[in-house]
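Data block below; observations after.
Only a predicted model underlies this, so the values are computations on that prediction, with no experimental measurement involved. Heads up: numbering here begins at 1 and tracks the sequence.
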Amino acid sequence: MSAERTYGFIPCDDYDPWMESTAASAEVRHFARESLRWQAQEIIDEVLRGTAPGEELARARLRRCVARNPGRPERALLQQLMLNRDLQG
């Protein structure tokens, strides 16, 4: 299932997919957001540590996505995945 279908399109503004109207407490939503950010940052770090010459273009695109989304690695990673999907499709 794609992120777009799960959350609708997630633009690069301050939209928060963890809707305030959910039954989850603020503490649970905060934990979920931070967990997602941590996991996305781990994935980004792993990709950027790569050294394969054939993947340099993907790393450069990921760096641009990270620069466009400071402090929001989950959005940077989503943007990168959407770019890759569009380039392949």
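Shown here are the side chain to side chain contact (heavy atoms under 4.5 Å, CB included) partners of Glu34, two or more places apart in sequence or in another chain: His30, Arg37. Listed by chain and number, the residues in a side chain to side chain contact (heavy atoms under 4.5 Å, CB included) with Gln41 are Ile44, Asp45, Pro73 (sequence neighbours excluded).
A donor-acceptor pair is defined here as one N or O able to donate and one able to accept, closer than 3.5 Å; such a pair exists between the side chain of Arg59 and the backbone of Ala52.
Transitive grouping of hydrophobic side chains (ILVMFWY, heavy atoms separated by less than 4.5 Å) keeps Leu36 and Phe31 in distinct clusters. Cluster membership check: Leu81 shares its hydrophobic cluster with Leu48, using side-chain heavy-atom separations under 4.5 Å among Ile, Leu, Val, Met, Phe, Trp and Tyr. Clustering ILVMFWY residues whenever any of their side-chain heavy atoms sit less than 4.5 angstrom apart, transitively, puts Leu83 in a cluster other than the one holding Leu78.
Note: Arg68 CZ to Gln80 CD = 9.5 Å, rounded to the nearest 0.5 Å. Taking CE of Met82 as the reference point, atom CZ of Arg75 lies at 12.0 Å (rounded to 0.5 Å).
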Could you walk me through whether Cys65 and Leu77 pass the side chain to side chain contact (heavy atoms under 4.5 Å, CB included) check?
CA-CA 7 Å; Cys65 291; Leu77 187 58; over 6 Å; no
Given Glu56 and Arg63, is the salt bridge (charged side-chain N to carboxylate O under 4.0 Å, His left out) satisfied, shown in steps?
CA-CA 10 Å; Glu56 182 54 39; Arg63 283 188 204 98; 3.1 Å; yes
